[in-house]
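Below: the structure, in structure tokens.
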Protein chains: 2
Amino acid sequence: MAEVCEVHKQHMDKILKVKKKLPSQEIDLEVSDFFDALGNPSRLNIVFALMEDELCTCDLSNISNLSVSAVSHQLRILKDRKIVTYRKDGKNVFYRLSDNHIKDILKIALEHIKEDH
Amino acid sequence: MAEVCEVHKQHMDKILKVKKKLPSQEIDLEVSDFFDALGNPSRLNIVFALMEDELCTCDLSNISNLSVSAVSHQLRILKDRKIVTYRKDGKNVFYRLSDNHIKDILKIALEHIKEDH
DNA sequence: TCTATATTTGAACATATGTTCAAATATTCT
DNA sequence: AGAATATTTGAACATATGTTCAAATATAGA
């Protein structure tokens, strides 16, 4: 914070009120990590695919036109951020969305994008 | 795509079906840009503040503990991505969330985070 | 046990990102 | 017009990110 601006008295009330309602830094970080996971075209593409069906790493590589390795790296991020879960079946590892909030959010985001033409 | 994995015939049906339903690359990019905007703790903090009230750059600097310049840079990104709008009032520029989808999405994201304890 | 296939992992590299600093604009007030 | 304040802008810099490549694991079948 190098620069300083003067906070007017009328603004001070607002500011204090807003500060009180703000989520903790911990929540802020967790939520931004969540959005960050969806904020990359390759990962989002994977997530869109998983909205439709359970898919293995190889399938996702095929669908997304990414190398198997790149997909696997991105899946690790999605796994860490609790956006996908997986089950092993022989040599395959099948991924799916971890809960319905993800779908809800994606649907609203799609609406949002389509609305501002 | 350096590595190759064999796609089994049973998987091929799935893959084609999923591919058909996938959003276009353009939509994918727009939606991931949208999430990307929310995927940074500083910007998300600004957005959380704007959920509560309309605020000017100086107020937001105060609330977020970022320099005025840093806030302004981040606001430009939020403006470009259509997440906030602004109105000028004298020397101040007041920002607000551009539509209710943003609030809806933030609420669901907060629920999502709080659920996986 | 050996081979083939699916997946993961780690290092390396180029690119993207966020903040700071200094300077430029914009607006109001005297 | 000149001073003061709010905001924006652009360059610079350090850090983070995404992909590739090569190598390591894991599992199934011969």
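Because the structure is predicted, anything quoted here is derived from the model rather than measured. Residue numbers begin at 1 in each chain, while the letters A, B, ... track the order of the sequences. The figures that follow rest on heavy atoms only: side chains count, while hydrogens, waters and symmetry mates do not.
In the region residues 83-95 of chain A, proximity to DNA chain C at under 4.0 angstrom, judged on heavy atoms, holds for K91(A), N92(A), V93(A), Y95(A).
Note: F34(B) and H112(A) have tilted aromatic rings, judged against thresholds of 30 and 60 degrees for the angle between ring planes.
Between D59(B) and G39(A), the one whose closest nucleotide on DNA chain D sits nearer the 5' end is D59(B).
P41(B) and D28(A) get closest at one heavy-atom pair: O-OD2, 2.9 Å.
For the salt bridge (charged side-chain N to carboxylate O under 4.0 Å, His left out) test, no residue two or more places apart in sequence or in another chain qualifies with K79(A).
Counting non-hydrogen atoms of other residues, nucleotides and ligands closer than 6.0 Å to NZ of K21(B) gives a total of 12 or fewer. Residue F94(A) places its CZ atom among more than 12 non-hydrogen atoms of other residues, nucleotides or ligands, all under 6.0 Å distant.
Between E54(B) and R87(B) there is a salt bridge, since at least one side-chain N of the basic residue sits less than 4.0 Å from a carboxylate O of the acidic one. Salt-bridge formation is not detected for the pair D99(A)/K82(A): no Lys NZ or Arg NE/NH1/NH2 atom is positioned less than 4.0 Å from an Asp or Glu carboxylate oxygen.
Looking at heavy-atom distances under 4.0 Å, S72(B) makes contact with a base.
Taking side-chain N and O atoms only, S42(A) has a distance below 4.0 Å to OP1 or OP2 of dT19(D).
One N or O donor and one acceptor, one from the side chain of S69(A) and one from the base of dT9(C), sit under 3.5 Å apart. Between the side chain of H73(B) and the base of dT20(C) there is at least one donor-acceptor pair of N/O atoms closer than 3.5 Å.
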Every protein N/O within reach of nucleotides 14-17 of chain D N/O, cut-off under 3.5 Å:
none

